[in-house]
Every structure is written in structure tokens, then in C-alpha cells.
Amino acid sequence: MSWWRDAVVYQVYPRSFADGNGDGVGDIAGIESRLPYLRDLGVDALWINPWYVSPMADGGYDVADYHMIDPVFGTLWDAERLIGAVHRHGMRIIVDIVPNHTSDRHPWFQAALAAGPGSPERARFHFRDAPNNWRSRFGGPAWSRVDDGQWYLHLFDAAQPDLNWDHPEVRAEFESILRFWLDRGVDGFRIDVADRLVKQAGLPDRPEREQLVPSYQDNGEQPDKDRPEVHEIYRAWRRVLDEYPDRAFVGEMWVTDPERFARYLRPDELHTAFNFAFLKCAWDARALREVVDRTLATHARVGAPPTWVLSNHDVTRHATRYGREDTRFVKRVHDVPTDLALGRRRARAAALLSMALPGSVYVYQGDELGLPEVFDLPDAVREDPVFRTGGRDLGRDGCRVPIPWGGDAPPFEFGTGGAWLPQPGEWRDLTAARQLGDPASMLSLYRLALRVRRDEPALGDGPLRWLEMGDGVLAFARDPGFTCAVNLGVEPVPLPEGRPLVASAELTADGEPALPPDAAVWLST
């Protein structure tokens with residue numbers, strides 16, 4: 001079986017993972033220093049968020065040079081050394097690729113500004129004499145004006161001009177970038193906003209009603225999203241990747257229509273894609289079962305494995321979301337009551353659920369520590385362009401606060417020079433060092449579950465069978481001889497038959513064996 005069909009992939013946001021040179025910002029040396037931690041955690045692969053040369057207008061997703069490492073992270077030699085070290089530790093490495101847009105500092109865009117209207121240099125981007133009505137995903141118009149009066153398109157920040165994927169030079173350049181990193185040993189790519197590369201010919205206005213649809217809810221073919229022509233690009237990319245054995249793509253698409261989503265995962269396109277329906281779903285047994293059934297059916301029609309993800313660098317951490325009255329993720333909200341103890345209890349159960357389902361699993365750094373979202377960052381330290389474009393949405397910095405590794409005070413051994421975002425003092429109880437010494441901690445639960453998952457022949461890719469345990473309970477069997485049960489109700493329920501392997505909570509109620517509310521258990525049957 002190919003590794004990507006059932007891998008556990010750990011997402012590393014480099015700025016916030018570990019600082020190796022003491023400047024307060026995470027880097028490649030920091031990642032390398034923590035590889036034994038990741039190996040012992042039990043993950044199969046690392047996904048590294050962008051480490052390329054960038055002005056950091058959007059945390060590295062504004063790339064000025066796709067072939068070089070930004071000095072804040074290290075050098076190309078450091079990256080090559082890390083790739084080798086990851087492989088020596090028995091893991092694989094996936095790197096981000098950002099094809100929808102560049103930085104406004106990219107040489108191509110600088111050449112376009114210098115060349116003027118109608119030039120071949122401007123044809124690589126979307127320049128026009130008057131804007132349409134499209135809106136940026138970060139707020140405000142999707143167009144900015146340059147000195148000669150023309151406008152350029154940016155679906156995200158103004159510092160991120162969109163590339164014109166109808167241009168053959170753009171397509172050739174990115175195939176070259178893929179080969180550059182494949183030749184250096186990377187095992188795959190995560191494709192940023194994979195559904196937005198191609199725009200409708202003529203860039204027509206969107207219907208006004210569509211302008212009001214939240215970015216995490218829009219769906220289906222639109223002038224700036226999910227165009228049928230995008231599949232030609234990924235067929236060409238797949239031909240490149242197939243030149244290198246055992247490599248894989250994972251796409252980021254916020255496409256909720258199952259038929260349209262499945263098209264990206266046809267055998268000659270992407271290998272996998274993020275399952276955001278699971279991430280967005282409420283903590284509700286019926287809703288989760290519907291998402292699982294729909295996910296499995298969607299992927300079965302094209303023979304692709306599902307992915308299961310609970311958090312990432314763009315969304316409110318699930319340990320916080322699950323402690324709220326409304327546990328869905330529709331958009332970021334910052335001012336609602338949150339019961340963090342409840343959220344962590346549910347996060348423990350959700351971890352076991354996601355790891356027991358067929359397919360692969362993604363763990364965002366800090367999930368294994370039960371880190372919550374940080375809301376009280378000073379405005380002066382917030383860097384997310386989502387916040388800079390109006391401040392109504394505090395943005396994504398709260399899920400990007402640097403990891404607490406050890407010690408009793410910030411920066412909690414993140415590095416010797418502080419941390420680029422301040423860590424809450426109460427994180428002293430959540431450090432990796434403290435949790436390693438506590439068999440009941442979130443980290444200990446993840447380490448045990450991932451060890452069992454690797455050793456249990458029923459887990460990974462493959463089918464499941466639902467078991468009926470009453471309303472509010474999700475239970476399923478994986479052959480041979482494995483059962484997962486999750487109690488999302490408000491009362492304890494009897495344990496299924498079998499020998500417990502891993503449990504997210506103590507399996508008792510009133511002194512009798514039972515599965516308590518907001519808890520999950522794996523059993524050998």
C-alpha cells in the first residue's frame with residue numbers, strides 16, 4: 001500500500017514550531033532539533049508550511065522566490081539537510097506550494113510593474129483597465145491600482161497578485177518548481193488554494209448575492225473558483241510527479257459539493273485532499289456520521305483515500321471550538337463563552353475518532369498538546385493580513401502562537417530569544433516536557449494512540465461497519481477485530497464488547513464500567 005493512503009502527517013508551521021538560532025522565530029534548525037520528538041510521537045510524515053523567500057505579508061504565503069529558503073528560516077543547504085534527516089528518522093516530508101499567487105516582490109511582478117500596460121510581463125498576471133466586483137478573501141476589493149492607472153487582481157492580500165494560469169510560462173515555471181524540490185528529495189506537496197488557480201475568461205462580475213457568501217461556505221463553479229480548466233493543470237502536475245516514485249499531492253479545496261470535490265481526486269490528478277467537512281462539523285453524532293458516510297462515498301467513487309483533519313493554521317483550534325455551545329467551524333469568532341475543560345475532553349475523543357477512520361490523518365502542531373486558541377494577543381503583535389484589513393476579524397495569529405516545549409515561563413524553551421508571538425503564562429501546564437511525564441496527558445494519549453494505530457492491522461485505509469449503540473453514540477468496527485466507540489451524548493453508555501486498547505477518559509460511571517459522555521474508546525474484539 002502506498003504510504004500516503006494511511007499516513008499520519010504532522011503539520012509544521014515553521015515560524016512557531018522551534019527556534020534554533022535564538023531570534024524568536026522558528027526555523028529549519030529548530031525543526032531538525034525536534035525530529036526525535038516527532039519520531040517518538042509516531043507520525044509518518046511532516047508537512048512544512050512555506051519556507052520560501054518572502055516579505056511575510058501573509059506568513060510566507062506571499063512567495064518571492066520558490067527556489068530559495070527565506071533567511072529567517074535558514075538556507076537551501078539547511079533545507080536539504082533537513083530532508084535527509086527526516087528520512088533518516090523514518091519519516092517523509094511534504095512541502096507547501098503556493099501556485100495561485102506570488103508576492104508583489106516576486107521578480108515577475110516587479111517586471112510587470114516596470115513594463116507597463118499591454119506588455120508580455122503583465123500577461124503573466126491579471127491586469128486590466130477597470131476592476132470587476134470581486135472581493136478579496138481577506139476583506140475589501142480584490143483589485144489594487146498601480147501608478148499607471150491599471151488594476152491587478154489579488155484574491156487575497158494586495159501583496160499577493162494572482163497569476164494568470166492561462167499563460168504557458170506560468171504553467172512551465174511551476175512544473176519546473178515541482179521538479180526542483182522533487183530532485184531534492186521531498187515526498188510530496190500540499191497545494192495551497194488548489195481550486196482557485198483558473199479564473200473565468202473575461203473575469204465577469206459575480207452575482208451580488210455571491211459576494212456575501214462566507215469564504216468557508218462557498219461552493220461549486222464560480223468565476224474565481226473551481227473552474228473545469230484547473231483539472232488540466234493537475235493532470236500535467238501528476239505526470240511530473242509520476243516521474244518520481246512514491247510521491248503524493250494533497251490539495252486544499254474548500255469545495256463541499258461531493259461530485260465536484262471528487263473530480264480533483266481522479267486517478268490522473270491529485271492523490272488526496274483535505275476533508276474540511278469533517279473539520280467544520282459540529283460535535284454531534286448524527287452530523288458526524290453523515291459527514292463520514294458522505295466522505296467515504298465521495299472518495300470511493302474515484303478510489304482515493306480520505307483525510308481527517310481537526311485543526312490547521314487557518315482555523316480556530318478545535319480544543320477551543322469544542323468547548324462552545326456552537327461547535328461548528330463556519331468562520332472565526334472570538335467573543336463567545338468557551339469551556340476549555342469540556343473542549344479538551346471532546347478534543348481527546350475527536351483525536352481517537354479521526355485516527356480510527358479509514359484513510360490518513362493530519363495533526364496540526366500543538367493539537368497533541370491540547371493547545372487552545374489565544375485571543376488576547378495585543379493588536380501591535382498581530383501580523384495576519386485578515387486583521388490588518390479592518391480588524392473586525394482578529395485573524396489567525398491565535399492558532400499560530402509558538403509551541404511550549406518546557407520550563408515554567410515563556411518562551412517555554414521555544415528558543416533562547418523569546419517568541420515572535422507571546423505565549424500565555426498558563427501554558428506552563430501544557431508544555432511537551434510536562435505532558436511527557438503525565439500518562440493521563442493529551443500528549444501521552446496521542447503517543448499511545450499512534451503507536452496502537454501503527455501496530456493494529458485493522459487501522460489505516462480500508463472499510464468500516466457501523467454499529468448501533470443508540471442515539472448520541474458513534475460506533476464502528478474495522479476488520480479484523482477492532483471497534484471504536486465515541487459517546488457524544490449526555491449520559492454514560494455501556495461499553496461495547498472487547499478489550500480496551502486506548503480510551504480518552506476513565507471508563508467508569510458510578511463505579512461501573514461505562515463510556516462516559518464526550519469520550520472515546522478503542523477495543524480489540
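Atoms considered below: every heavy atom in the structure, side chains included; atoms not considered: hydrogens, waters and symmetry mates. Numbering starts at 1 and runs along the sequence shown.
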Minimum-distance pair of heavy atoms, taken over all atoms of [X] and [Y]:
X: Val72; Y: Met56; value: CG1-CE, 4.1 Å
X: Gly489; Y: Pro517; value: O-CB, 3.3 Å
X: Pro496; Y: Leu523; value: O-CD2, 3.7 Å
X: Asp284; Y: Leu488; value: N-CD2, 3.6 Å
X: Val473; Y: Ala285; value: N-CB, 3.9 Å
X: Leu279; Y: Arg321; value: O-NH2, 3.1 Å

For the backbone of [Y] and the side chain of [X], can you confirm whether one donor and one acceptor N or O come within less than 3.5 Å of each other?
X: Thr307; Y: Ala273; answer: yes
X: Arg179; Y: Val240; answer: no
X: Ser444; Y: Ala440; answer: no
X: Trp522; Y: Leu352; answer: yes
X: Ser311; Y: His318; answer: yes
X: Gln423; Y: Pro411; answer: yes
X: Asp70; Y: Trp51; answer: no
X: Asn275; Y: Pro306; answer: no
X: Glu368; Y: Gly366; answer: yes
X: Arg238; Y: Pro267; answer: yes

Could you tell me the separation between the [atom1] atom of [X] and the [atom2] atom of [Y], rounded to the nearest 0.5 Å?
X: Leu495; Y: Thr483; atom1: CG; atom2: OG1; answer: 11.5 Å
X: Asp40; Y: Leu436; atom1: CG; atom2: CG; answer: 8.5 Å
X: Arg478; Y: Glu456; atom1: CZ; atom2: CD; answer: 10.0 Å
X: Thr316; Y: Glu373; atom1: OG1; atom2: CD; answer: 4.5 Å

Is the [X] ring parallel, tilted or perpendicular to the [Y] ring (thresholds 30°, 60°)?
X: His101; Y: Phe156; answer: tilted
X: Phe17; Y: Tyr10; answer: perpendicular
X: Trp4; Y: His271; answer: perpendicular

(request) List the steps, then state whether side-chain contact (heavy atoms from CB on, under 4.5 Å) holds for Leu342 with Asp518. (result) CA-CA 8 Å; Leu342 174 62; Asp518 299 313; 3.4 Å; yes

Within the 4.5 Å heavy-atom criterion, are [X] and [Y] side-chain neighbours or not?
X: Thr327; Y: Arg346; result: yes
X: Gln11; Y: Asn312; result: yes
X: Asp27; Y: Asp19; result: yes
X: Thr272; Y: Pro305; result: yes
X: Thr295; Y: Trp308; result: yes
X: Trp181; Y: Ile93; result: no
X: Asp78; Y: Ile69; result: no
X: Val486; Y: Ser504; result: no

(request) Carefully, step by step, assess Arg324 and Asp326 under the rule salt bridge (charged side-chain N to carboxylate O under 4.0 Å, His left out). (result) CA-CA 5 Å; Arg324 295 169 168 176; Asp326 184 353; over 6 Å; no

(message) Between Tyr362 and Val250, does the side-chain contact (heavy atoms from CB on, under 4.5 Å) criterion hold? Intermediate values first, please.
(response) CA-CA 11 Å; Tyr362 280 75; Val250 56; 3.6 Å; yes

Assess the side chains of [X] and [Y]: does a donor N or O sit below 3.5 Å from an acceptor N or O?
X: Asp96; Y: Tyr61; answer: yes
X: Tyr446; Y: Gln435; answer: no
X: Asp187; Y: His87; answer: yes

(request) Start with the C-alpha gap between Arg92 and Asp246, add the side-chain angles, then the distance that decides, and say whether salt bridge (charged side-chain N to carboxylate O under 4.0 Å, His left out) holds. (result) CA-CA 11 Å; Arg92 299 176 189 266; Asp246 217 18; 3.6 Å; yes

(request) Begin from the C-alpha positions of Arg453 and Asp6 and carry the test salt bridge (charged side-chain N to carboxylate O under 4.0 Å, His left out) through to its verdict. (result) CA-CA 10 Å; Arg453 187 183 190 273; Asp6 63 357; 5.5 Å; no

Taking the six-membered ring where the residue is Trp, are the ring centres of [X] and [Y] under 6.0 Å apart?
X: Tyr66; Y: Phe174; value: yes
X: Phe476; Y: Trp466; value: yes
X: Phe189; Y: Trp237; value: no
X: Trp47; Y: Phe274; value: yes

(request) Show your reasoning for whether side-chain contact (heavy atoms from CB on, under 4.5 Å) applies to Met469 and Asn487. (result) CA-CA 9 Å; Met469 289 184 59; Asn487 183 3; over 6 Å; no

(request) Report the C-alpha distance between Asp183 and Tyr244 in whole Å, list the side-chain angles of each, state the deciding distance to 0.1 Å, and finish with yes or no for side-chain hydrogen bond (donor to acceptor under 3.5 Å, both in side chains). (result) CA-CA 9 Å; Asp183 288 341; Tyr244 299 79; 2.7 Å; yes

(request) Take Arg317 and Leu371 through the test side-chain contact (heavy atoms from CB on, under 4.5 Å) and record every step on the way to the result. (result) CA-CA 8 Å; Arg317 284 192 178 269; Leu371 296 185; 4.0 Å; yes

(message) Checking salt bridge (charged side-chain N to carboxylate O under 4.0 Å, His left out) between Asp44 and each of Arg39, Arg5, Arg454, which is the one that passes?
(response) Arg454

(request) State whether the number of non-hydrogen atoms from other residues, nucleotides or ligands found under 6.0 Å of Glu497 atom CD is greater than 12. (result) no

(request) State whether Phe180 and Arg184 meet the cation-pi test: NZ (Lys) or CZ (Arg) under 6.0 Å from the six-membered ring centroid, and within 45° of the perpendicular axis. (result) yes

(message) Determine whether His89 and Tyr37 satisfy the following criterion, ring pair (Phe, Tyr, Trp, His ring centres under 6.0 Å), listing intermediate values before the conclusion.
(response) CA-CA 10 Å; His89 280 286; Tyr37 168 88; over 10 Å; no

(message) Among Val401, Leu377, Val374, exactly one meets side-chain contact (heavy atoms from CB on, under 4.5 Å) together with Pro422. Which residue is that?
(response) Leu377

(request) Test salt bridge (charged side-chain N to carboxylate O under 4.0 Å, His left out) on Asp314 and Arg400 and set out the steps. (result) CA-CA 9 Å; Asp314 286 331; Arg400 301 174 177 183; 3.2 Å; yes

